[in-house]
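Written out below as structure tokens is the structure these notes cover.
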There are 2 protein chains.
Amino acid sequence: MSGALKDAIRVERPAKTLRELALDKVREAIVNGYFRPGDRLVERDLCAQLGVSRTVVREVLRHLESEGLVANLPNKGPIVAQLDIDEAKQIYEIRGALEGMAARLCAERRSPEIVAALEESLAGIRNSYRDNDMAAVLTNTSSFYHTLFTMVDRNVAWGVVNLLTVRINHLRSMTIKTERRGIEGPLQMSKIVDAIRRGDGEGAYQAAMDHVAAASAIAEAVLSAKKPAD
Amino acid sequence: MSGALKDAIRVERPAKTLRELALDKVREAIVNGYFRPGDRLVERDLCAQLGVSRTVVREVLRHLESEGLVANLPNKGPIVAQLDIDEAKQIYEIRGALEGMAARLCAERRSPEIVAALEESLAGIRNSYRDNDMAAVLTNTSSFYHTLFTMVDRNVAWGVVNLLTVRINHLRSMTIKTERRGIEGPLQMSKIVDAIRRGDGEGAYQAAMDHVAAASAIAEAVLSAKKPAD
DNA sequence: AATCGTATTATGGCGTACCAGATACTGTAG
DNA sequence: CTACAGTATCTGGTACGCCATAATACGATT
């Protein structure tokens with residue numbers, strides 16, 4: 001029997017361990033603001049809320065710690081990591097470097113499929129903005145960059161970007177709501193696609209950098225506006 | 001009593017939790033080849049070898065998993081991650097982008113302190129090559145890049161680079177032993193320093209990219225030479 | 001003898017209970 | 001009102017036990 005066929009009929013099992021489920025739940029809770037930055041994450045409370053044992057909770061906390069979403073105070077325990085403005089800027093900068101790199105590679109590949117896939121995501125973003133569905137904007141933006149990286153087989157860089165992105169996720173949800181972002185965001189992204197279509201590597205690189213830089217500027221404004229009030 | 005004074009007399013405690021100690025030990029063991037890629041990491045065996053409980057071992061394994069040093073096969077358990085050649089190339093590529101970025105920033109900063117610090121590390125590398133002390137070469141190389149990133153306050157990018165570097169660490173120890181690397185490596189790095197001294201951002205970027213590209217090429221040669229024999 | 005089913009073993013996943021040490025809180029005595 | 005002692009809280013860490021699953025060995029049946 002061929003391997004491919006065997007895979008085809010393979011029975012899908014949940015395969016997710018309790019740990020992974022709990023991990024997703026807690027990450028979700030942090031990202032969407034159920035747990036606020038600075039909140040203490042008391043192990044035994046989490047056990048109760050998640051309905052799992054301390055063993056699982058501890059492993060989850062360790063994992064989130066290595067993702068940078070949770071910080072561990074010595075002799076004090078884990079808290080939701082604070083996002084300081086400088087760190088956020090650094091994250092945007094790194095994303096710029098990596099997304100620029102991916103965009104350049106896409107341009108150099110000169111493949112119509114890439115352009116088509118990117119345009120599909122971009123259309124999704126425009127539609128989501130039109131429908132005022134901010135969750136969908138995030139999803140589609142994510143898929144835009146996902147194709148940008150994976151079409152040129154840069155899954156490691158994609159992993160790095162994802163890892164960093166969760167740390168600024170609540171910033172993202174604020175920046176996309178900003179005035180004019182609904183017009184400028186897609187415009188900048190279409191410039192990336194245009195450059196890729198032209199096979200203009202340098203242009204694609206610059207366009208990707210510009211887009212992230214714009215997001216970073218908005219994030220900085222949002223963050224510094226919020227800090228004093230806090 | 002002033003806070004500063006209180007800090008000054010504060011008794012320095014190990015501060016490292018048992019978990020962190022165990023984490024370092026296991027990571028060390030993987031990186032320096034005590035555990036080979038593909039080896040199974042049986043929890044209860046590790047408990048015995050490390051002298052700690054399963055809880056700690058499990059947390060350590062989770063952590064290493066998120067670092068990419070350990071892979072978890074479903075219904076099978078953790079093994080030491082295999083490093084495939086494509087992934088290694090991607091890691092080098094990312095390092096190139098980030099180190100290039102940092103080098104450019106250093107050049108734009110035009111600070112004599114940065115140049116001095118870099119030159120000190122570079123001298124260390126040359127001496128270590130002369131003494132044939134490969135471990136010291138790695139340490140000094142690491143400190144070279146550490147200053148490159150931290151002098152311009154890019155600690156997040158430094159963290160990313162470190163995270164990626166452990167995954168290719170045994171490759172690094174092979175590449176630096178390569179013929180001629182003892183001459184070419186420091187030469188390329190001195191080009192980075194020269195560009196930074198001149199304040200030539202683009203030149204520093206290119207020099208850093210070149211250095212990583214050279215390392216990547218050597219790694220590829222080493223890896224593809226070893227694979228068939230395996 | 002070949003094959004099929006079953007018992008055993010190894011191992012991870014998960015839970016519970018317990019203890020030690022650090023910290024924060026609280027109430028009482030002077 | 002302050003100082004101090006006692007207490008509650010919480011994490012770090014350990015030990016042990018149970019269950020599910022996968023692989024392997026073994027034995028029975030045809």
Side-chain angles (χ1 to χ4, degrees), chain A residues 1 3 6-7 9-27 29-30 35-36 38-66 69-82, chain B residues 1 3 6-7 9-27 29-30 35-36 38-67 69-81:
Chain A
M1 190 189 295
K6 212 169 80 187
D7 281 356
I9 63 164
R10 183 166 194 86
V11 43
E12 279 302 331
R13 227 177 330 184
K16 283 241 183 185
T17 68
L18 196 54
R19 187 176 62 242
E20 291 172 284
L21 296 173
L23 176 62
D24 290 342
K25 282 277 186 210
V26 178
R27 192 193 289 113
I30 292 177
F35 294 125
R36 318 287 297 252
D39 280 3
R40 294 192 60 181
L41 297 171
V42 178
E43 289 179 4
R44 286 167 172 90
D45 291 356
L46 283 177
C47 293
Q49 290 185 267
L50 295 169
V52 299
S53 75
R54 256 186 87 204
T55 312
V56 172
V57 168
R58 289 181 57 150
E59 288 174 62
V60 167
L61 289 174
R62 271 352 122 210
H63 194 115
L64 292 172
E65 195 184 339
S66 70
L69 273 181
V70 164
N72 226 326
L73 309 180
N75 295 324
K76 200 77 178 292
I79 63 171
V80 178
Q82 316 265 3
Chain B
M1 190 190 293
K6 214 167 81 186
D7 280 356
I9 62 165
R10 181 165 193 87
V11 44
E12 221 32 84
R13 225 173 332 180
K16 286 236 181 185
T17 69
L18 195 55
R19 191 174 58 241
E20 290 172 285
L21 295 173
L23 176 62
D24 290 342
K25 282 277 186 213
V26 179
R27 191 194 289 114
I30 293 177
F35 293 125
R36 319 285 298 254
D39 279 3
R40 294 192 60 182
L41 298 171
V42 178
E43 290 180 4
R44 288 168 173 91
D45 292 355
L46 283 177
C47 293
Q49 294 188 45
L50 296 169
V52 299
S53 72
R54 257 183 92 196
T55 312
V56 173
V57 168
R58 288 179 56 119
E59 285 172 330
V60 166
L61 289 174
R62 272 346 125 216
H63 194 114
L64 292 172
E65 194 183 339
S66 69
E67 278 184 16
L69 274 181
V70 164
N72 224 330
L73 309 180
N75 295 325
K76 200 74 177 295
I79 63 170
V80 178

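Throughout, protein chains are lettered first and strands after them, A, B, ... in sequence-line order, and every chain is numbered starting at 1. What you see is a predicted model; the values in this text were computed from it and never measured.
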Problem set entry | Distance-only donor-acceptor test, A:T55 side-chain atoms vs C:dG15 base atoms, 3.5 Å | yes
Exercise. Expressed in angstrom and rounded to an integer, what is the separation of B:N72 atom CG from C:dG13 atom C1'?
Worked result: 11 Å
Problem set entry | Shortest non-hydrogen separation from B:L50 to B:A22 and the atoms involved | CD1-CB, 4.4 Å
Exercise. Between A:T17 and A:E20, does a side-chain contact (heavy atoms from CB on, under 4.5 Å) hold up when you go through it step by step?
Worked result: CA-CA 5 Å; A:T17 68; A:E20 291 172 284; 3.3 Å; yes
Exercise. Nearest of C:dG13, C:dT23, C:dG12 to any side-chain atom of A:N75?
Worked result: C:dT23
Problem set entry | Integer-rounded Å distance: C:dG13 C1' and A:K16 NZ | 16 Å
Exercise. Atom CG of B:L46 to atom P of C:dA10: distance rounded to whole Å?
Worked result: 17 Å
Exercise. Looking across every strand, which nucleic acid part, if any, lies under 4.0 Å from B:L61 by heavy atom: base, sugar-phosphate, or nothing?
Worked result: nothing
Problem set entry | Residue closer to the 5' end of DNA chain D, A:D45 versus B:V52 (nearest nucleotide) | A:D45
Exercise. Where the side chain of A:S53 is defined as all heavy atoms beyond and including C-beta, which of D:dT14, C:dG15, C:dG12 is the nearest nucleotide?
Worked result: C:dG15
Exercise. Whole-Å distance between D:dA15 P and B:E43 CD?
Worked result: 15 Å
Problem set entry | Spacing between B:R44 atom CZ and C:dG12 atom C1', to the nearest angstrom | 7 Å
Problem set entry | C:dG13 phosphate, OP1 or OP2, under 4.0 Å from A:R58 side-chain N/O | no
For this session: Would you mind telling me which of D:dC10, C:dG13, D:dG12 lies closest to the side-chain atoms of A:V42?
Result: D:dC10
Exercise. For the residue pair A:L61 and A:P78, what are the closest heavy atoms and their distance?
Worked result: CD1-CG, 3.7 Å
For this session: Hey, could you give me each pair passing salt bridge (charged side-chain N to carboxylate O under 4.0 Å, His left out) that has a residue in residues 44-57 of chain B? Not counting sequence neighbours.
Result: B:E43-B:R54
For this session: Tell me which nucleotide among C:dC14, D:dT14, D:dG12 gets nearest to the side chain of B:L18.
Result: D:dT14
Seminar exercise, completed: Here the distance between atom P of D:dG12 and atom CG of B:L23, to the nearest Å, is 14 Å
For this session: Under 4.0 Å between any heavy atoms, over every strand shown, what does B:L73 touch: base, sugar-phosphate, or nothing? Just pick one.
Result: nothing
Exercise. Expressed in angstrom and rounded to an integer, what is the separation of A:L50 atom CG from C:dG15 atom P?
Worked result: 10 Å
For this session: Give one of base, sugar-phosphate or nothing for B:R40, where a contact means two heavy atoms less than 4.0 Å apart.
Result: sugar-phosphate
Problem set entry | Residue closer to the 5' end of DNA chain D, A:R54 versus B:R54 (nearest nucleotide) | A:R54
Problem set entry | Check: B:R58 main-chain N/O paired with A:R62 side-chain donor or acceptor under 3.5 Å | no
Exercise. Which residue, A:G51 or B:G77, contacts DNA chain C at a nucleotide closer to its 5' end, judged by nearest heavy atom?
Worked result: B:G77
Exercise. Where the side chain of A:K76 is concerned, which of C:dT23, C:dG13, D:dG12 is the nearest nucleotide?
Worked result: C:dT23
Exercise. Any donor-acceptor pair under 3.5 Å between the side chain of B:R19 and the base of D:dG13?
Worked result: no
